[in-house]
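Okay, so here's the structure we're looking at.
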Number of protein chains: 2
Amino acid sequence: MQSAERRTTLADVAAEAGVSVALVSIVMRGAPGAGAATRERVLEVARRLGYQPDSRARLLRSGRSRLLGVVFDVRHPFHHDLLTGLYDAAGKAGYQLTLSAVTPRRGERTAIGDLLQDRCEALVLFGGQLRASELASIAARLPVVAMMRAARRRDVDVVHNDDALGSHQAVDHLVGLGHRRIAHVDGGQWHGSAERRAGYQEAMRRHGLAEHIRVVSGGAGEEDGARAAERLLVDPPTAVTVFNDLSATGLLDVLRRHGLSVPGDISVVGYDDTGLSRLAHIDLTTVGQDIDTMAAGAIERAVARIEGTPAGPREMVVPPRLMVRGTTGAPRPAAGASRQP
Amino acid sequence: MQSAERRTTLADVAAEAGVSVALVSIVMRGAPGAGAATRERVLEVARRLGYQPDSRARLLRSGRSRLLGVVFDVRHPFHHDLLTGLYDAAGKAGYQLTLSAVTPRRGERTAIGDLLQDRCEALVLFGGQLRASELASIAARLPVVAMMRAARRRDVDVVHNDDALGSHQAVDHLVGLGHRRIAHVDGGQWHGSAERRAGYQEAMRRHGLAEHIRVVSGGAGEEDGARAAERLLVDPPTAVTVFNDLSATGLLDVLRRHGLSVPGDISVVGYDDTGLSRLAHIDLTTVGQDIDTMAAGAIERAVARIEGTPAGPREMVVPPRLMVRGTTGAPRPAAGASRQP
DNA sequence: CTGAAAGCGCTAACAA
DNA sequence: TTGTTAGCGCTTTCAG
């Protein structure tokens, strides 16, 4: 199989079928304007010759690419689920996706550069660390939708989870179970951390538990949760809400190693509903982001900008949903204490 | 920002810089044949106008795309690591990657179809369920490299882990620790399961432990490992090698719930060295696949086929490497025996 | 060193 | 219903 074999083109099919290339083009893309018999014959020839349309030539000519560029990070557990939803939504809207990955050795800038060269009509960015000014200069050239990113700018659409609401749900659940001394392990500098922390504090105040507010600094990793647990152990609360699932598993581990039972002695709530939280022996109660809605929202925003239709609000906030599993339960009746609200 | 703003093209840059498009083309791709001064000026203008080359037009004209299509599955934990290595290797070989994802609602055929339209020069397929005949018909049109797939065919290059060797490493490690009664939980119908099982059996025989061979049927999921553990508990061996990490965690969980200590009472070895196995509270000894070597190998095979260079062997088998962590240790001296540690 | 001209494979007007 | 004619933005001879 030498590469000498030129690929079959429209012209080849046209010649073989004895018609013009224009007609074959019409038939190939199912456009109206071709006789049933001819159509049939052309299709047959195309199949026989193994004709494959050349998307580049096609897009080049038709001016538009109907391509949506997506930048995702191979390391992020979330991004893959998001891709699933994005493909669905894009397909429905009549757009195609082209993917560009960020890896430990391939930066966001490179990933975006590739997409720009592919003449995408809009960009969907997951997470990412780009400076606001860079984002702005890209957004000046084509619509950009940022998902799960802090960018609260006027030149970029933002689709993200309602982090504050998620924390509310977690706290409400714990309070409903009877907890009062509820701590929070935050996510440090990570996107969403500030919102989740604030949400926790607000919910605590709303329940009249301001005096029990206790924030321990953490991070996004397992070790961050473990470290936070050590600090919590000095005076354990009856429940903890944690920035994310991974950190929560680190915390769980340390808690158990120190002989605390979960949820007997202490309840734990994670965030994100990752596969990890669903593992039987972790079985973590967690706040799940509505990934499909977020994906659909992102595509809808992108398409709206491309087609210049509505230009609705720049920000789309999607409500999360609490997934109650095995790490939360009623607190043990406090020894000796009898404060009943 | 209306879409009326046409993108800047080579011609725009040429006009602005007062030179011909051909010259700009030369400068833009760093080809020889332009004066230093002109080059400088053209580059400056291009930057000022925000010129971005159009990869489609470029590739269309130059005949070749230098594009490698990659089909991966968003659900597979492995595939993302593989992508990292693939980007590196492809870049070094002067090729670009275009990604096409398989999702729960987007099949492999669709994913491949997109890539074919993009005029990739070769395909790299991760896993996948395509029938051999389909694979063959695709391979008839362009070089195909299959990774981690059973395809042992003459029309497709195959790059995969040496599963048998991995099992050998696991068993050797355990025997070295003093284990004799070593069981194996297999992966059912999954790719690699048969090889890993056979490798286990062979290694056991090699160590003169044929009488202790014990295979329990399992699968790739956590619940498969859990189920296997239940069966193993009837008469626990001192060590188990498991098809993959996920299954191993399910097994670990059940073992511990039944009061067995790991590695005190029983040692466990997983397979794949996924992120899961590295979590502090799982800390699973496991057989790691050499992902970077596999990725580099896949690209090297693909490029060789494209450029018609060597046409070496169709199959590339990469040795794995045992990652010793906390779930393996010396067996407890058998009751009645008198070996004191 | 630079420019003019000829397409790559396809689509979109228009004409027949 | 079908064919003709222009290009899309770029690279690539080939002259100057």
Side-chain angles (χ1 to χ4, degrees), chain A residues 3-43 45-46 49-67 96 116-121 141, chain B residues 3-43 45-46 49-67 94 96 116-121:
Chain A
S3 56
E5 282 206 48
R6 231 186 65 268
R7 299 187 75 129
T8 31
T9 74
L10 262 197
D12 297 329
V13 178
E16 179 77 12
V19 292
S20 75
V21 280
L23 197 47
V24 179
S25 168
I26 287 174
V27 172
M28 290 318 292
R29 73 205 130 98
T38 330
R39 173 153 292 178
E40 190 83 2
R41 185 157 44 86
V42 169
L43 246 25
V45 173
L49 264 45
Y51 171 72
Q52 275 278 127
D54 184 322
S55 63
R56 285 191 321 259
R58 186 194 292 235
L59 300 177
L60 177 58
R61 171 61 236 216
S62 48
R64 298 196 45 187
S65 70
R66 300 197 75 87
L67 234 45
Q96 251 199 284
L116 255 24
Q117 297 206 169
D118 286 344
R119 287 296 185 264
C120 293
E121 300 188 17
R141 303 165 45 158
Chain B
S3 57
E5 282 207 47
R6 232 187 64 268
R7 299 188 74 129
T8 29
T9 74
L10 260 196
D12 298 329
V13 177
E16 179 78 13
V19 293
S20 75
V21 282
L23 197 48
V24 180
S25 169
I26 288 175
V27 173
M28 290 318 293
R29 71 206 131 96
T38 331
R39 171 153 293 178
E40 189 84 2
R41 188 158 42 88
V42 168
L43 247 24
V45 172
L49 264 45
Y51 171 71
Q52 274 278 127
D54 184 322
S55 64
R56 287 188 323 252
R58 190 196 306 247
L59 301 177
L60 176 58
R61 172 62 234 213
S62 49
R64 298 196 45 187
S65 71
R66 300 196 77 86
L67 235 45
Q96 251 198 285
L116 254 25
Q117 298 205 168
D118 286 345
R119 287 293 186 267
C120 291
E121 299 187 18

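Just the heavy atoms: all of them, side chains too, but no hydrogens, waters or symmetry mates, feed the values below. Note on naming: letters A, B, ... go to the chains in the order of the sequence lines (proteins, then strands), and numbering restarts at 1 for each one.
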Contacts of type side-chain hydrogen bond (donor to acceptor under 3.5 Å, both in side chains), residue Thr38(A), not counting sequence neighbours
none
Applying side-chain contact (heavy atoms from CB on, under 4.5 Å), name anything that partners Ser25(B), two or more places apart in sequence or on another chain.
Leu10(B), Arg29(B)
Take atom CG of Asp12(B) and atom P of dC8(D), then tell me their distance rounded to the nearest Å.
11 Å
Verify side chain to side chain contact (heavy atoms under 4.5 Å, CB included) between Leu43(A) and Val27(A), making sure each step is shown before the conclusion.
CA-CA 7 Å; Leu43(A) 246 25; Val27(A) 172; 3.5 Å; yes
d(CG, Asp118(B); C1', dC10(C)) in whole Å:
15 Å
Separation of Arg64(B) atom CZ from dT12(D) atom P, in whole Å?
11 Å
Below 3.5 Å, can you tabulate the donor-acceptor pairs from side chains in residues 14-22 of chain A to any protein atom, sequence neighbours excluded?
{"unit_1": "Glu16(A)", "atom_1": "OE2", "unit_2": "Arg48(A)", "atom_2": "NH1", "d": "3.3"}
{"unit_1": "Ser20(A)", "atom_1": "OG", "unit_2": "Leu23(A)", "atom_2": "N", "d": "3.3"}

Any donor and acceptor pair, going by atom type alone, linking the side chain of Asp54(A) with main-chain N or O of Arg56(A) inside 3.5 Å?
yes
Set of residues satisfying side-chain contact (heavy atoms from CB on, under 4.5 Å) with respect to Glu121(B), sequence neighbours excluded:
Arg64(B), Ser65(B), Arg66(B), Tyr95(B), Ile306(B)
So if I define the base as every atom that isn't primed, P, OP1 or OP2, how would nucleotides 1-6 of chain D read as a B/S/- string at a heavy-atom cutoff under 4.0 Å?
SBBB-B
Residue-phosphate contact under 4.0 Å: Ser62(B) side-chain N/O, dT11(D) OP1/OP2
no
Starting at atom CD of Gln117(A), determine the distance to atom C1' of dC10(D), rounded to an integer number of angstrom.
12 Å
In whole angstrom, what separates Arg58(A)'s CZ from dC10(D)'s C1'?
20 Å
List every contact pair, protein side and nucleotides 14-16 of chain C side both N or O, where the distance is under 3.5 Å.
none

If the cut-off is 4.0 Å, is Arg29(B) near the phosphate of dT12(D), judged by side-chain N/O to OP1 or OP2?
yes
State the OG-CG distance between Ser55(B) and Asp118(B), to the nearest 0.5 angstrom.
9.5 Å
Quickly work out the Leu116(B) CG to dG9(C) C1' distance and round it to whole Å.
16 Å
Heavy-atom nearest nucleotide on DNA chain C taken for Leu60(B) and for Leu59(A); more 5' hit belongs to Leu60(B)
Are Val13(B) and Met28(B) side-chain neighbours, meaning at least one heavy-atom pair lies under 4.5 Å?
no
Roughly, in whole Å, what's the span from CG in Asp54(A) to C1' in dC8(D)?
13 Å
Quick check for you: among dT11(C), dT11(D), dG9(C), whose closest atom lies nearest to any side-chain atom of Leu10(A)?
dT11(C)
The helix from dC1(C)-dG16(D) to dA16(C)-dT1(D): angle between end helix axes, five pairs per end, rounded to 10 degrees
40°
Quick one: Arg56(B) CZ to dT11(D) P, roughly how many Å, whole number?
13 Å
Please collect all salt bridge (charged side-chain N to carboxylate O under 4.0 Å, His left out) contacts where either partner lies in residues 31-43 of chain B, sequence neighbours excluded, each pair once.
none
According to side-chain contact (heavy atoms from CB on, under 4.5 Å), who are the partners of Gln52(B), at least two apart in sequence or on a separate chain?
Leu116(A), Gln117(A), Arg119(A), Arg141(A), Arg7(B)
Where the side chain of Arg119(A) is defined as all heavy atoms beyond and including C-beta, which of dT11(C), dC10(D), dG9(C) is the nearest nucleotide?
dC10(D)
Minimal non-hydrogen separation, Thr8(B) against Gly50(B), with atom names:
OG1-O, 3.5 Å
